[in-house]
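First the structure, in the form of structure tokens, and then the observations on it.
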Amino acid sequence: MKKWILLLMSVSLFSVALGQGVEPTKGQGVTKAPVSKAHLLSTDELDKLFSEPQQLLLIDVRRPDEVSSVGGFPVYLSIQEIKWIPRDRTIVTVSNHAGRAAKAADLLTAKGFKVAGAAGAETYEKDGGKWVTRIPIPAKPPATTAGK
């Protein structure tokens with residue numbers, strides 16, 4: 001198994017830049033992705049990109065509670081400014097069903113980044129993807145009483 005040298009960035013910057021990102025709308029059994037120029041990556045395409053992890057950068061635009069409840073990809077690094085995103089890697093943006101990820105991909109493409117496309121962690125896992133992990137929220141430490 002290849003050693004993963006994968007950076008996954010949880011970027012609050014995109015939450016601000018994209019406003020209250022909306023995942024695809026569901027109606028009458030059909031899921032529609034929002035209008036975007038970003039390529040929506042299939043499970044096979046994403047797995048192929050994972051085969052070259054030293055060239056890949058995943059940017060997850062979800063809130064931490066979404067990552068812990070839905071699952072995410074193995075490694076996280078939090079950044080706050082677009083200028084900190086390396087330009088020498090192929091970027092994949094991630095959200096639950098690729099709605100917000102597609103908007104983030106469009107934003108990054110417009111800023112000159114090399115973006116392979118957008119992916120949804122839930123969609124990827126549902127379609128048989130094997131790299132989604134769940135990171136449990138740490139338990140709160142027990143309350144201590146002062147002076148005892």
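Numbering starts at 1 and runs along the sequence shown.
- The two residues S95 and V61 make their nearest non-hydrogen contact at CB-CG2, 4.0 Å.
- When all heavy atoms of A38 and A102 are compared, the closest pair comes out as CB-O, 3.7 Å.
- Here the NZ-OG distance, from K48 to S42, works out to 10.5 Å after rounding to the nearest 0.5 Å.
- Here NZ of K126 is found 9.0 Å from NE2 of H97. Values are rounded to the nearest 0.5 Å.
- Q54 CD to D88 CG: the interatomic distance, rounded to the nearest 0.5 Å, is 11.5 Å.
- Contact annotation: the side chain of L40 never approaches that of T123 to less than 4.5 Å [non-hydrogen atoms, C-beta and beyond].
- Counting heavy atoms from C-beta outward, K37 and T109 have side chains that stay 4.5 Å or more apart.
- In this structure, the side chains of V70 and V132 stay at 4.5 Å or more apart for every pair of heavy atoms.
- Taking each heavy atom of L56 and L49 in turn, the nearest pair found is CD2-O, 3.8 Å.
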Exercise. For salt bridge (charged side-chain N to carboxylate O under 4.0 Å, His left out), just list the numbers for E66 and R100, CA-CA rounded to whole Å, side-chain angles, deciding distance to a tenth of an Å, and then say yes or no.
Key: CA-CA 13 Å; E66 291 176 288; R100 286 172 284 174; 2.7 Å; yes
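- Listed by chain and number, the residues in a side chain to side chain donor-acceptor pair (under 3.5 Å) with D44 amount to none (sequence neighbours excluded).
- For the residue pair A121 and F73, the shortest heavy atom distance occurs at CB-CE1, 4.3 Å.
- Counting all heavy atoms, side chain and backbone alike, A119 lies closest to A101 at O-CB, 3.8 Å.
- The side-chain heavy atoms of Y124 and D47, taken from C-beta on, include a pair separated by under 4.5 Å.
- A salt bridge between E125 and R134 is present, with a side-chain N of the basic residue lying under 4.0 Å from a carboxylate O of the acidic one.
- Contact of the L107 side chain with the T93 side chain is not registered, since no non-hydrogen atoms from C-beta on lie closer than 4.5 Å.
- Nearest approach of L57 to P86, heavy atoms of both residues: CD2-CD, 3.8 Å.
- Atoms CZ and CD, from R89 and E52 in turn, are 12.0 Å apart once rounded to the nearest 0.5 Å.
- Counting heavy atoms from C-beta on, the side chains of L58 and F50 come closer than 4.5 Å.
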